[in-house]
Number of protein chains: 2
Amino acid sequence: MPLDTSDSELLAVRAAELYYEENKTQDEIGAILRITRWKVGRLLAQARERGIIRIEIVHPRARRLGLERDLAAQFGLKDAVVVPAPLDDVELQSRVAEAAADYLVSMRPIPRLLGLSWGRTLHQVAEALPVGWSTGVNVVQLNGGVSLSKRPGTAAATATMIAQKAGGQATLLPTPAILERLETKLAIEGDRTVGGVAQLARTANAYLYSAGPADTSSVHVDSGYLTADDINRLVDLGAVGDVLGRYITAEGEIADPELDARTLGLGLDELRAATTSILAVGGETKHPVARAIVTHGLCSVLVTDEHTARFLLGRDRDADRDADLDHSTDSTPSTAPREDTP
Amino acid sequence: MPLDTSDSELLAVRAAELYYEENKTQDEIGAILRITRWKVGRLLAQARERGIIRIEIVHPRARRLGLERDLAAQFGLKDAVVVPAPLDDVELQSRVAEAAADYLVSMRPIPRLLGLSWGRTLHQVAEALPVGWSTGVNVVQLNGGVSLSKRPGTAAATATMIAQKAGGQATLLPTPAILERLETKLAIEGDRTVGGVAQLARTANAYLYSAGPADTSSVHVDSGYLTADDINRLVDLGAVGDVLGRYITAEGEIADPELDARTLGLGLDELRAATTSILAVGGETKHPVARAIVTHGLCSVLVTDEHTARFLLGRDRDADRDADLDHSTDSTPSTAPREDTP
DNA sequence: CGCGAACCTGCTCATGTGAGCAGACACGCA
DNA sequence: TGCGTGTCTGCTCACATGAGCAGGTTCGCG
């Protein structure tokens with residue numbers, strides 16, 4: 001017995017084949033299948049709805065606009081960028097970084113002063129930016145980043161690279177990220193120069209930062225600011241990861257106020273208050289931090305991969321082409337960030 | 001550094017996203033990307049050519065028209081039907097059978113008398129045919145099929161089922177497939193009744209048959225006509241599989257003339273001479289026989305799966321969307337078999 | 001520097017296509 | 001049977017789209 005999943009389905013398939021694979025006109029298809037061209041059109045529409053026809057854009061720089069829209073809607077973001085996830089996890093990181101770079105380039109209005117965090121992801125963003133990506137964008141570091149152990153100066157290098165490539169100046173914050181004693185932190189903060197940088201950071205038009213997971217692979221352990229034990233203690237306190245060096249819980253709160261007080265740089269509330277704060281984050285290990293950030297208004301623009309996006313939206317992996325129906329009706333997420341032309 | 005695989009590629013991707021995922025018009029896309037709508041159209045065309053936009057028809061009953069065209073062209077077939085290969089090998093068999101059934105149903109002109117072989121595949125074809133698939137199609141068996149051991153009567157059941165479902169009569173050939181002694185075979189052949197069936201078979205408008213691999217999984221071993229040793233000997237003689245019970249080599253010749261002389265039913269040359277001979281075959285084990293058959297004109301219509309199709313075309317697996325460029329220009333393979341209307 | 005070839009761009013125009021609409025049809029209920 | 005309701009069908013019409021073409025640009029080569 002032929003499994004007759006509705007008589008028309010087979011017709012729809014035949015029509016789809018002739019239309020998409022053979023490039024025939026709906027009229028021609030009508031002639032072949034002995035139906036009117038309008039019926040062909042309807043069959044095709046139906047086939048598209050039912051997911052029989054799958055259109056995919058295969059390109060490393062492709063994006064998932066449906067997910068972007070959903071993210072923006074669900075978390076009240078100004079904008080979202082979602083890149084398709086490659087199999088490789090390293091590759092994923094650089095895709096996200098590339099996407100963030102693209103976003104910066106096409107940002108309107110151009111941010112004259114960009115507040116910057118540091119880390120592996122942001123360094124990749126800097127590398128992904130083309131020379132001359134903008135004209136005269138200055139950069140200011142948001143949090144301390146002098147490494148105690150290896151790879152000294154990557155924080156500074158990131159900031160200067162971004163500024164240089166746009167023909168601008170970088171203002172660095174050449175201090176440790178976390179101080180051992182509160183007094184030292186306050187003293188440094190009080191320093192005229194450091195205070196000036198902090199002041200400048202508050203006037204930035206946009207912030208660009210990443211986030212780290214609350215585990216021993218964190219840069220803070222690498223850099224020597226925290227020990228594995230410190231991390232474990234933070235996790236016990238509910239920490240899911242760090243933003244600008246500050247460890248937060250799933251509820252978006254500071255995990256350890258004492259530690260936080262010793263952390264130098266822009267505060268969480270200042271970040272939350274910013275009009276444009278771009279979070280670039282990808283990978284499974286960062287899912288919890290990412291959720292904490294987007295659900296508590298710490299970022300206004302999210303650049304991430306599709307797995308993270310789905311995680312944030314509560315649909316883990318699978319189940320995709322369902323919520324993708326009402327195209328083109330509601331609000332339109334910009335391809336480029338907010339155009340200044342109406 | 002941004003991997004600049006041609007500047008326009010990124011634009012093309014963005015355009016494709018907006019066009020296919022967001023259902024925007026090319027005009028709107030032009031406005032967003034700040035290019036003219038004609039350029040958008042060209043970018044899309046380019047993206048389609050380069051394979052950035054992949055359109056796939058996901059359906060069990062879908063077909064691969066590109067491969068069908070290529071098969072028909074390369075082997076001079078009247079028609080070809082290629083079904084997408086599922087992961088499962090059992091599933092694959094029934095897909096091919098379904099496709100063959102579909103083909104029979106939509107065949108024009110309707111074959112008043114259908115010559116039929118037997119086997120697992122053809123039985124599935126019979127099952128896949130809807131009741132009343134045609135009006136008054138008679139069936140005649142092409143080769144003997146009384147099983148010596150298990151599953152007696154499937155050969156007869158296949159033929160009668162197909163005939164009954166079309167409201168026609170089945171003429172059976174109730175003899176063994178292979179006789180032990182040549183004299184017996186000649187004697188049976190000389191019998192008035194059997195001779196009459198053979199005579200009738202020669203007048204069939206179309207033949208429908210399958211093929212078996214030359215290994216011990218063959219139905220002939222199952223049925224007790226041949227032993228595993230016989231098969232091994234045949235393989236040594238160059239046999240790649242059987243058609244209508246006759247074992248052939250890769251060159252399309254009879255592998256063992258002595259055995260063949262003892263095989264009852266339609267001869268290879270008669271099959272080759274037929275105007276419409278439909279081969280339904282799928283699965284990796286049958287690749288060699290399938291090749292022998294199509295390269296030596298033993299079938300005029302091929303129904304198979306996409307892996308087999310690719311194997312036959314000499315492009316093993318991968319490497320697909322290359323030879324798929326010049327759509328719509330040259331000869332068009334019919335969706336349904338040869339229409340009788342012009 | 002001058003010239004032609006190849007390419008790209010923006011256009012006109014014919015064709016392809018989807019939204020929307022009125023009539024046909026089938027179904028359930030009184 | 002009559003009537004309303006919902007679905008399906010074929011149509012008109014406005015819009016979207018691709019082919020083809022002329023002018024402009026870039027590039028290589030003499």
Side-chain angles (χ1 to χ4, degrees), chain A residues 4-57 65-66 130 132 321 324-332 335-336 341, chain B residues 4-57 65-66 321 324-332 335-336 341:
Chain A
D4 242 328
T5 323
S6 137
D7 185 11
S8 69
E9 192 156 303
L10 223 188
L11 258 189
V13 171
R14 294 282 105 88
E17 288 166 345
L18 292 167
Y19 191 73
Y20 287 104
E21 296 188 6
E22 298 292 307
N23 288 326
K24 298 207 177 302
T25 75
Q26 299 188 359
D27 224 354
E28 290 176 288
I29 296 168
I32 293 171
L33 301 181
R34 307 183 184 294
I35 49 182
T36 61
R37 72 184 188 78
W38 297 283
K39 181 142 184 143
V40 174
R42 285 183 187 123
L43 283 171
L44 288 173
Q46 202 178 309
R48 256 171 268 140
E49 269 170 38
R50 294 211 220 170
I52 292 175
I53 296 162
R54 183 168 300 176
I55 299 178
E56 208 180 342
I57 293 156
L65 301 176
R321 52 200 70 257
D324 225 4
L325 296 174
D326 61 326
H327 288 314
S328 73
T329 45
D330 52 9
S331 72
T332 299
T335 296
T341 45
Chain B
D4 243 328
T5 323
S6 139
D7 186 10
S8 69
E9 193 157 303
L10 223 187
L11 257 190
V13 171
R14 293 282 107 87
E17 288 166 344
L18 292 168
Y19 191 72
Y20 288 105
E21 296 187 7
E22 298 293 308
N23 288 323
K24 297 206 177 303
T25 77
Q26 299 188 1
D27 222 355
E28 289 176 288
I29 296 169
I32 293 170
L33 301 181
R34 305 182 184 295
I35 51 182
T36 61
R37 73 185 183 79
W38 297 284
K39 180 144 185 145
V40 174
R42 285 186 187 118
L43 284 171
L44 287 173
Q46 203 178 310
R48 256 171 268 141
E49 268 169 39
R50 294 212 219 170
I52 291 175
I53 296 163
R54 184 169 301 175
I55 299 179
E56 207 181 342
I57 293 156
L65 301 177
R321 52 202 70 260
D324 226 5
L325 295 173
D326 62 324
H327 289 312
S328 74
T329 44
D330 53 9
S331 73
T332 299
T335 297
T341 47

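Just so it is clear, the model here is predicted, and its values are computed rather than measured. No hydrogens, no waters, no symmetry mates; every other heavy atom, side chains included, goes into these values. Lettering follows sequence order; numbering is per chain, from 1.
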With rounding to the nearest 0.5 Å, note down the distance linking [atom1] in [X] to [atom2] in [Y].
X: A/R42; Y: A/T36; atom1: CZ; atom2: OG1; value: 7.0 Å
X: A/Q26; Y: A/W38; atom1: CD; atom2: CH2; value: 11.0 Å
X: B/L18; Y: B/L44; atom1: CG; atom2: CG; value: 9.5 Å
X: B/R50; Y: B/L43; atom1: CZ; atom2: CG; value: 9.0 Å

Quick one: [X] [atom1] to [N] [atom2], roughly how many Å, whole number?
X: B/L43; N: D/dG18; atom1: CG; atom2: P; result: 12 Å
X: B/Q46; N: C/dT9; atom1: CD; atom2: P; result: 10 Å
X: A/K39; N: D/dG10; atom1: NZ; atom2: C1'; result: 11 Å
X: B/R34; N: C/dT9; atom1: CZ; atom2: P; result: 18 Å
X: A/L11; N: D/dT9; atom1: CG; atom2: P; result: 11 Å

How large an angle, rounded to 10°, do the end axes of the helix from C/dC1-D/dG30 to C/dA30-D/dT1 enclose when each is built from five base pairs?
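End-to-end axis angle: 30°.
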
Mind checking side chain to side chain contact (heavy atoms under 4.5 Å, CB included) for A/R37 and listing every partner two or more places apart, or none if nothing turns up?
A/D27

Kindly indicate whether the side chain of A/I57, heavy atoms from C-beta on, has any atom under 4.5 Å from the side chain of B/V13.
yes

Taking the side chain as every heavy atom from C-beta outward, state whether A/I32 and A/K24 have any pair of such atoms under 4.5 Å apart.
yes

Nucleotide-resolved protein contact map, nucleotides 17-22 of chain C, B/S/- at heavy-atom distance under 4.0 Å
BB-B--

For residues A/E17 and A/R14, report the shortest heavy-atom separation together with the two atoms involved.
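Nearest pair, atom of A/E17 first, then A/R14: OE1-NE, 3.1 Å.
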
